[in-house]
Amino acid sequence: MGAKKSLPKKVSGHISGAEAVVRSLIAEGADLIYGYPGGAIMPVYDELYKFQDHIEHVLVRHEQGAAHAAQGFARVSGQVGVCMATSGPGATNLVTGIADAMIDSTPLVCITGQVPSHLLGSDAFQETDIIGISTPVTKWSYQVTKVEEIPEILAKAFYIARSGRPGPVLVDITKDAQFAKSEFSYTKCTKIRSYKPIPETSDDDLSQASKLINAAKKPMIVWGQGVILGEAEDEFRAFVEKSGVPAAWTILGVSAIETAHPLNVGMVGMHGNYAPNLLTNECDLLIAIGMRFDDRVTGDLASYAKQAKIIHFEIDPAEVNKNVNVDVAVMGNVKHTLAAILPHIEKKIYTDWLDRFHKLDTIEHDKVIDAELNPTKSGLTMGEVIKTINANSQGDAVVVTDVGQHQMIACRYAEFRQSKSNITSGGLGTMGFALPAALGAKMGAPDREVVAVIGDGGFQMNIQELGTIFQTQAAVKIVILNNDFLGMVRQWQQLFFDKRYASTEMVNPDFVKIAEGYFIESKRVTTRDDMTAAVAEMMKSDKPYLLEVCVEKENNVFPMIPSGASVSDIRLE
């Protein structure tokens with residue numbers, strides 16, 4: 001965009017609501033928007049044209065892409081992502097991305113146009129009740145019908161989106177409010193009556209927690225994205241290293257500390273690592289930090305960690321005792337609560353307990369990991385592709401994944417040396433997430449390499465965003481792991497439905513030709529030697545690049561905890 005010029009002066013004391021929207025965004029430092037214009041939001045787009053030296057607007061090819069791109073930007077930058085759409089289908093097309101952001105605690109401000117206020121409720125052209133539709137999947141939603149409301153409502157929107165446990169906010173603005181004029185002044189919101197985003201931390205809870213930690217013989221940490229959202233990486237590292245407690249991660253928590261850290265014992269959950277899953281039901285103390293006991297982590301709740309005392313470090317009171325009853329809840333931002341408890345815990349080394357993790361890790365390597373990363377058969381595995389990306393990125397790339405087998409493989413085997421490096425759709429599991437999210441991630445961290453790892457199924461759900469990548473020339477590296485199947489569903493059909501592959505085999509187009517149609521450099525590889533060279537070539541490129549890797553059709557992701565089973569029932573084959 002180049003150097004930003006001073007803002008255009010107001011022609012008079014009154015400005016339009018549309019200009020107030022743009023000036024409010026600028027006041028919040030939101031200089032990047034993903035969106036798609038239409039009739040009900042056209043006045044705002046007209047002002048964006050006038051302010052294009054101050055705000056960059058990225059024209060996506062589908063509104064769902066706008067929401068996911070804003071998510072990718074927010075997740076990697078730590079800022080609030082902004083997306084915009086018109087009324088009716090434009091607004092409803094945002095909803096999947098909004099729901100994804102809600103369950104994964106991603107701060108978004110979503111602005112939609114709406115029909116003029118006198119037509120509300122009349123079934124006017126492109127009218128939908130987007131407030132009613134979005135309320136269950138937003139932290140807050142509000143419909144603006146008066147121009148005077150715009151600055152205050154947008155200030156509240158940004159504050160609510162970023163404060164406490166982050167999440168998406170939707171502001172719907174009628175067209176007449178965009179055209180009307182009013183005096184403009186903007187004050188950032190720092191407080192809302194009755195809204196308390198960070199609960200108070202109890203000294204008594206800190207004391208109880210520290211006593212449990214100091215007394216434990218076989219403690220275990222499970223950390224989630226709360227560490228990253230709270231910008232608590234340094235405090236978390238200090239806590240792990242002083243306590244000496246082995247620490248496992250959820251898929252949204254990975255990269256808070258480097259994957260090679262000696263106390264990092266791997267991933268928990270349905271396709272997590274053998275040791276942390278199995279030992280969840282052997283530890284005497286489970287320390288949950290910034291995670292919400294999702295069903296994919298816990299498996300059967302009736303048998304989850306029943307032998308252990310449980311401490312929950314959490315910012316959202318609604319998550320405490322929701323799925324798992326805990327002995328001590330330490331409320332607050334983990335950046336502050338971990339720092340507060342650190343002086344009260346003893347420095348320890350759990351040699352025998354850690355050795356238990358290492359022995360189980362060896363079993364997993366022998367039965368699963370070695371065959372995935374160092375295969376002897378001729379066909380390519382997804383794991384060896386990730387291993388090759390690691391060798392070229394040295395663990396410094398942002399890896400953005402879609403949903404499916406490739407997602408679990410990438411989360412299991414990608415190496416990370418810095419935080420905010422794993423961007424994926426966790427709670428909602430949205431196929432089509434990765435391509436637009438990778439675009440947003442690259443724009444949020446332009447100096448970092450961004451690699452999108454996508455299955456052939458999910459890639460086609462938002463394939464049109466290749467056009468956005470071409471137009472922006474964002475140097476996203478796109479890796480399609482193509483097994484000609486909806487792989488995760490096929491795996492379940494193989495294991496639990498007697499190989500009845502109902503509607504999971506894909507007849508795919510020529511992805512390389514499609515990329516060439518968007519003027520994106522591309523290549524297809526089917527052999528190990530070609531794959532190694534092609535990944536190196538892709539990573540050296542300073543432009544968008546698409547690499548299709550044809551992998552084994554019926555490889556499965558193990559370990560695996562069958563749905564509804566106990567974490568102790570984890571299968572290695």
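Side-chain contact, Arg448 with Ser421: a donor N or O sits under 3.5 Å from an acceptor N or O. The closest side-chain donor-acceptor pair between Gln64 and Thr96, if any, does not fall under 3.5 angstrom. Side-chain N/O atoms of Thr468 and Glu465 include a donor and acceptor closer than 3.5 Å. Of the N and O atoms on the side chains of Tyr49 and His57, not one donor lies less than 3.5 Å from an acceptor on the other residue.
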ask   = How far apart are the C-alpha atoms of Asp396 and Gln418, what are their side-chain angles, what is the distance that settles it, and do they pass the side-chain contact (heavy atoms from CB on, under 4.5 Å) test?
value = CA-CA 7 Å; Asp396 290 326; Gln418 55 182 304; 3.8 Å; yes
query = Given the rule in the side-chain hydrogen bond (donor to acceptor under 3.5 Å, both in side chains) test, do His261 and Glu258 qualify, once you have shown the distances and angles that lead to the verdict?
reply = CA-CA 6 Å; His261 193 285; Glu258 65 271 25; 5.0 Å; no
ask   = So Ile131 and Tyr142, side-chain contact (heavy atoms from CB on, under 4.5 Å) or not? Walk me through it.
value = CA-CA 7 Å; Ile131 299 299; Tyr142 188 89; 5.5 Å; no
request  = I would like to know whether Leu32 and Ile55 meet side-chain contact (heavy atoms from CB on, under 4.5 Å); could you show each step before the answer?
outcome  = CA-CA 6 Å; Leu32 180 62; Ile55 292 185; over 6 Å; no
task = For Arg23 and Glu19, run side-chain contact (heavy atoms from CB on, under 4.5 Å): C-alpha distance rounded to whole Å, both residues' side-chain angles, the deciding distance at 0.1 Å, then the answer.
result = CA-CA 6 Å; Arg23 288 184 177 272; Glu19 184 176 346; 2.7 Å; yes
request  = Report the C-alpha separation of Gln225 and Asp104 in whole Å, then their side-chain angles, then the decisive distance to 0.1 Å, and conclude whether the side-chain hydrogen bond (donor to acceptor under 3.5 Å, both in side chains) test is met.
outcome  = CA-CA 8 Å; Gln225 191 186 199; Asp104 282 353; 5.6 Å; no
key: Chi angles and distances behind the side-chain hydrogen bond (donor to acceptor under 3.5 Å, both in side chains) call for Glu314, His312   = CA-CA 6 Å; Glu314 179 57 49; His312 195 178; 3.3 Å; yes
Verdict with reasoning, Gln407 to Thr424, per side-chain hydrogen bond (donor to acceptor under 3.5 Å, both in side chains) = CA-CA 8 Å; Gln407 176 192 33; Thr424 194; 2.8 Å; yes
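The structure places CE of Met443 at 4.0 Å from CD of Glu56, a figure rounded to the nearest 0.5 Å. Atom-to-atom distance recorded for Asp53:CG and Asp31:CG is 12.5 Å, nearest 0.5 angstrom. Between the NZ atom in Lys139 and the CG atom in Leu170 there is a gap of 14.5 Å [rounded to 0.5 Å]. The distance from atom CE of Met267 to atom OG1 of Thr250, rounded to the nearest 0.5 Å, is 9.5 Å. Atom OG of Ser24 and atom CD1 of Ile153 lie 10.5 Å apart (nearest 0.5 Å).
For CZ of Phe416, the number of neighbouring non-hydrogen atoms (other residues, nucleotides, ligands) closer than 6.0 Å is greater than 12. Heavy atoms of other residues, nucleotides or ligands lying less than 6.0 angstrom from CZ of Arg296 number 12 at most. Atom CD of Glu231 has 12 or fewer heavy atoms from other residues, nucleotides or ligands within 6.0 Å. Within 6.0 Å of the CZ atom in Phe125, the count of heavy atoms belonging to other residues, nucleotides or ligands does not exceed 12. The neighbour count for Lys309 NZ, taken as heavy atoms of other residues, nucleotides or ligands under 6.0 Å away, does not exceed 12. Around atom CG of Asp203, no more than 12 heavy atoms belonging to other residues, nucleotides or ligands sit under 6.0 Å away. Within 6.0 Å of atom NZ in Lys322, more than 12 heavy atoms from other residues, nucleotides or ligands are found, so the atom counts as buried in its surroundings.
Using a distance-only test at 3.5 Å, with no hydrogens or angles considered, a donor-acceptor pair links the side chain of Ser202 to the main chain of Asp205. Asn333 places no side-chain N or O within donor-acceptor distance of the main-chain N or O of Arg165, the cut-off being under 3.5 Å. Remark: the backbone N or O of Leu301 is not paired with any side-chain donor or acceptor of Asn323 at under 3.5 angstrom. Side-chain atoms of Tyr34 never come within 3.5 Å of backbone atoms of Cys83 as a donor-acceptor pair (strictly under, hydrogens ignored). Within the 3.5 Å criterion, the main-chain N or O of Ser210 finds a donor-acceptor partner in the side chain of Asn214. In terms of modelled atom types and a separation under 3.5 Å, the side chain of Lys242 and the main chain of Ile345 share a donor-acceptor contact. Remark: the backbone N or O of Ala155 is paired with a side-chain donor or acceptor of Tyr186 at under 3.5 angstrom.
Here the rule is side-chain hydrogen bond (donor to acceptor under 3.5 Å, both in side chains) with Gln143, and of Thr174, Thr112, Asp172, Asp129 only Asp172 fits it. Just one residue in the list Lys156, Glu152, Glu28 forms a side-chain contact (heavy atoms from CB on, under 4.5 Å) with Cys189, and that residue is Lys156. Evaluated for a side-chain contact (heavy atoms from CB on, under 4.5 Å) with Trp249, the options Ile257, Asn264, Val222 yield exactly one hit, Asn264.
The two residues Val147 and Ser16 come nearest to each other via the heavy atoms CG2-C, 4.4 Å. Smallest separation of non-hydrogen atoms from Asn462 and Gly432: ND2-O, 2.8 Å. Heavy-atom minimum distance, Ser141 versus Thr135: OG-OG1, 3.3 Å. For the residue pair Val334 and Gly226, the shortest heavy atom distance occurs at CG2-O, 3.6 Å. The shortest heavy-atom contact between Ala74 and Thr106 is CB-CG2, 3.8 Å. Considering every non-hydrogen atom in both Ile103 and Leu428, the closest pair reads CG2-N, 3.4 Å.
Using a 4.5 Å heavy-atom threshold, the side chains of Asp46 and Lys50 count as touching. Side-chain contact between Asp100 and Gln71 is present, with at least one heavy-atom pair separated by less than 4.5 Å. You'll find the side chain of Val400 stays beyond 4.5 Å of the side chain of Ile454, heavy atoms only.
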